[in-house]
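To start, the structure under review is shown below, and the notes come after it.
Every chain is numbered from 1 and lettered A, B, ... according to where its sequence line falls, protein lines coming before strand lines. In this text, all values refer to a predicted model and were calculated from it rather than measured experimentally.
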There are 2 protein chains.
Amino acid sequence: MNSKRQTLVDTALNLFYEHGINSIGINQILKVSGIAKKTLYHHFDSKDALVLATLEQRNHSFNEWLKHRLNHSKTNSEVISNLFHALQDWFSDKAPELGKFRGCFFINTSAEFSDPSSDISKYCQYHKQQVRNIVAQYLFNPTEDLLDAICILKEGAISMAYVANDLSAPKKCIQLLNKF
Amino acid sequence: MNSKRQTLVDTALNLFYEHGINSIGINQILKVSGIAKKTLYHHFDSKDALVLATLEQRNHSFNEWLKHRLNHSKTNSEVISNLFHALQDWFSDKAPELGKFRGCFFINTSAEFSDPSSDISKYCQYHKQQVRNIVAQYLFNPTEDLLDAICILKEGAISMAYVANDLSAPKKCIQLLNKF
DNA sequence: GCCGAAGTAGACAATTCGGTCTACTTGTTT
DNA sequence: AAACAAGTAGACCGAATTGTCTACTTCGGC
C-alpha cells in the first residue's frame with residue numbers, strides 16, 4: 001500500500017466527511033496533507049477518483065467496525081441489540097474508528113452528487129447493500145421482512161441523529177424490533 | 001408578495017434541490033431566472049439568505065402537501081397508511097407539488113452545511129420537528145413511542161428511496177407499524 | 001410629468017476551483 | 001554511478017465563485 005496515496009485518502013476522507021465534499025477543494029487537502037499536487041494527480045486522475053477512494057476506505061472501515069460489533073451475537077435479538085448499540089455509540093462519538101459523528105458519509109455524498117448514474121452515487125448504493133448483507137450474515141434464518149425492517153430503521157436512526165439531533169432513536173428501534 | 005423575489009426563490013429551490021446547493025452558483029440562478037444580480041442582492045443579503053428562503057418555501061409546501069394527504073384520516077391506522085402512501089407517491093414522482101424526487105431537501109442540506117449552529121442547519125432540524133407535530137396533530141391520542149416509531153421509519157424510508165433506490169420501504173413501514 | 005423605488009446589463013474585485021505543467025530533488029533498484 | 005520512479009514547489013490556465021458597483025431604464029404612485 002502506497003504511503004503517499006494512503007495519506008491523501010486519509011486526509012481527504014477526514015476533510016470530506018467533516019465539511020462536505022463540495023466544500024473542500026483539492027488545494028485544502030494538499031495543504032493539510034503536505035503532499036504536492038502533482039503527486040495527487042499521479043495517484044488519482046481527478047477529484048472524483050479521490051472521492052471514490054475515500055468512499056471505498058470509509059466503506060471498508062465502517063463494515064469492519066460493524067462486523068466487530070456484531071461478532072459473538074448468539075441470537076437474532078442480540079444481533080439487533082448489538083447493531084443499534086453500535087449505532088448509539090457512533091452517534092455519541094464513542095466509535096473512534098469512525099471519527100466524530102457527521103451523519104452517514106454515503107447519505108451525505110448522495111446528497112452532494114445528484115446524478116444517480118455516476119460511479120459515486122452507485123457506490124453509495126452499493127455500500128447500503130453491503131451493510132444489509134453483513135447484517136443478514138449475522139442473523140439466523142432472517143426473513144426478508146425482518147431484514148427490511150432493520151435496514152429502514154437503521155437509516156431512520158442515522159437521519160434522526162444527524163438532522164433532528166435526536167440520539168435516542170437506536171433505543172427506540174430495539175423496542176420496535178422486539179415487537180416485530 | 002414580491003414577484004421578482006418569488007421568482008428567485010422558486011428558481012433557486014428548483015436548482016438547489018435538483019443539483020445540490022454547493023453545486024449551483026448564484027450566476028446560474030440569475031441565468032435561469034432572467035433576473036439581475038443587483039435585484040437578487042436587493043432582496044437577499046447573501047446566498048445563505050437565499051438558501052434559507054428556499055428552505056422556508058420547501059418547508060411550507062411540504063407541510064401543506066402532507067396535511068392535505070393526512071386530511072380525512074379517521075383512525076390512526078389510516079393516518080399511518082395515508083402518510084406512507086403519500087411518501088410512496090413522492091418517491092414515485094406522483095406528488096407534483098414536491099417536484100421530481102431527489103431525496104429530502106432538508107437531509108440533503110444538512111449534508112452540505114456541516115456547522116450545526118448555522119441558521120440553515122437549525123432550520124432543517126426545525127422542519128423535522130414540524131413534520132412530527134403535523135403527524136401528531138392527525139393522530140388520536142398518540143403515544144410518544146408511536147410518534148417516534150413513525151418518524152424514524154419515515155426518515156428511513158426516505159433514505160432507502162434515495163440512497164438505496166428502494167422505493168418499497170413505505171409499504172414495509174405500514175406493515176411494521178401495524179404490528180406495533 | 002416628476003420622483004423614488006425597483007430593476008437592468010454587466011464590469012470589477014479577490015479568491016477559489018480542478019487540472020496541467022516546468023524544473024528540479026529524492027528514493028530505489030540494478 | 002546510472003536510470004527510472006516517485007515526489008516536490010508552485011506557476012499557470014481558464015473558468016467559476018460571491019459580492020460590490022456604475023450607469024442606466026422601467027415601473028408605480030402622486
Side-chain angles (χ1 to χ4, degrees), chain A residues 1-57 105 108-109 111-115 117-121 123, chain B residues 1-57 108-109 111-115 118-121 123:
Chain A
M1 175 50 68
N2 184 285
S3 163
K4 292 288 184 179
R5 188 185 190 279
Q6 189 56 50
T7 302
L8 282 167
V9 177
D10 287 340
T11 307
L13 176 53
N14 290 336
L15 289 170
F16 288 157
Y17 182 51
E18 184 176 352
H19 299 286
I21 291 167
N22 288 326
S23 299
I24 295 289
I26 62 157
N27 287 324
Q28 178 72 359
I29 294 163
L30 299 176
K31 188 171 171 187
V32 172
S33 63
I35 288 175
K37 193 178 290 189
K38 199 143 168 74
T39 304
L40 185 149
Y41 284 103
H42 173 74
H43 291 286
F44 303 98
D45 288 338
S46 61
K47 183 180 176 179
D48 275 8
L50 177 60
V51 168
L52 206 47
T54 63
L55 290 171
E56 285 163 358
Q57 175 155 317
F105 188 51
N108 294 350
T109 302
E112 295 199 77
F113 289 75
S114 61
D115 176 12
S117 63
S118 68
D119 287 343
I120 286 170
S121 291
Y123 196 89
Chain B
M1 176 50 69
N2 185 285
S3 163
K4 291 289 182 176
R5 187 185 192 280
Q6 190 57 50
T7 302
L8 282 167
V9 177
D10 287 341
T11 307
L13 176 54
N14 290 337
L15 290 170
F16 287 157
Y17 183 51
E18 184 175 356
H19 299 285
I21 291 167
N22 288 326
S23 298
I24 294 290
I26 64 159
N27 287 325
Q28 178 70 359
I29 293 162
L30 298 176
K31 188 172 171 187
V32 172
S33 63
I35 289 176
K37 193 178 291 190
K38 201 148 166 66
T39 303
L40 185 149
Y41 284 104
H42 172 73
H43 290 288
F44 303 98
D45 289 339
S46 60
K47 185 181 176 181
D48 275 7
L50 176 61
V51 168
L52 207 47
T54 63
L55 289 171
E56 285 163 357
Q57 174 155 318
N108 294 349
T109 303
E112 294 198 78
F113 289 76
S114 62
D115 177 11
S118 68
D119 286 344
I120 285 170
S121 291
Y123 197 88

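- Relative to the side chain of A:Ile26, the nucleotides C:dA9, D:dT18, C:dG19 differ in distance, and C:dG19 lies closest.
- D:dT8 atom C1' lies 13 Å from atom CG of A:Leu8, rounded to whole Å.
- Checking the phosphate oxygens (OP1, OP2) of D:dA15, no side-chain nitrogen or oxygen of B:Asn27 falls inside 4.0 Å.
- Between B:Thr39 and C:dT8 there is a side-chain N or O to OP1 or OP2 distance below 4.0 Å.
- The distance from atom OH of B:Tyr41 to atom P of D:dT17 is 11 Å, rounded to the nearest whole Å.
- Using modelled atom types and a 3.5 Å distance limit, the side chains of A:Asp10 and A:Gln57 yield a donor-acceptor pair.
- Side-chain contact, B:Asn22 with A:Ser23: a donor N or O sits under 3.5 Å from an acceptor N or O.
- Regarding A:Asn2, its CG atom lies at a distance of 13 Å from the C1' atom of C:dT28, rounded to whole Å.
- Between C:dT8 and B:His42, no contact under 4.0 Å exists linking OP1 or OP2 to a side-chain N or O.
- Side-chain nitrogen and oxygen atoms of A:Lys37 include none within less than 4.0 Å of the OP1 or OP2 phosphate oxygen of C:dC21.
- Although no hydrogens or angles enter the test, the distance criterion places no donor-acceptor pair under 3.5 Å between the side chain of A:Thr54 and the main chain of A:Val9.
- In this entry the distance linking NZ of B:Lys31 with C1' of D:dA15 reads 13 Å, nearest Å.
- For D:dG7, the OP1/OP2 oxygens have no side-chain nitrogen or oxygen of A:Lys4 closer than 4.0 Å.
- Smallest separation of non-hydrogen atoms from B:Glu112 and B:Ile21: OE2-N, 2.7 Å.
- Rounded to an integer number of Å, the gap from A:Leu30 CG to C:dT16 P is 14 Å.
- Look at A:His43 and you won't find any side-chain N or O under 4.0 angstrom from OP1 or OP2 of D:dA6.
- In summary, the side chains of B:Ser46 and B:Asp48 do not present any donor paired with an acceptor at a separation below 3.5 Å, with no hydrogens or angles considered.
- Rounded to a whole Å, the CZ atom of A:Phe44 is 15 Å from the C1' atom of D:dG7.
- Atom NZ in B:Lys47 sits roughly 8 Å away from atom P in D:dT17 (whole-Å rounding).
- Atom C1' of nucleotide C:dT16 and atom CG of B:Asn22 are separated by 13 Å, given to the nearest angstrom.
- Within the structure, every side-chain polar atom (N or O) of B:Lys38 is placed at least 4.0 Å from both OP1 and OP2 of C:dG7.
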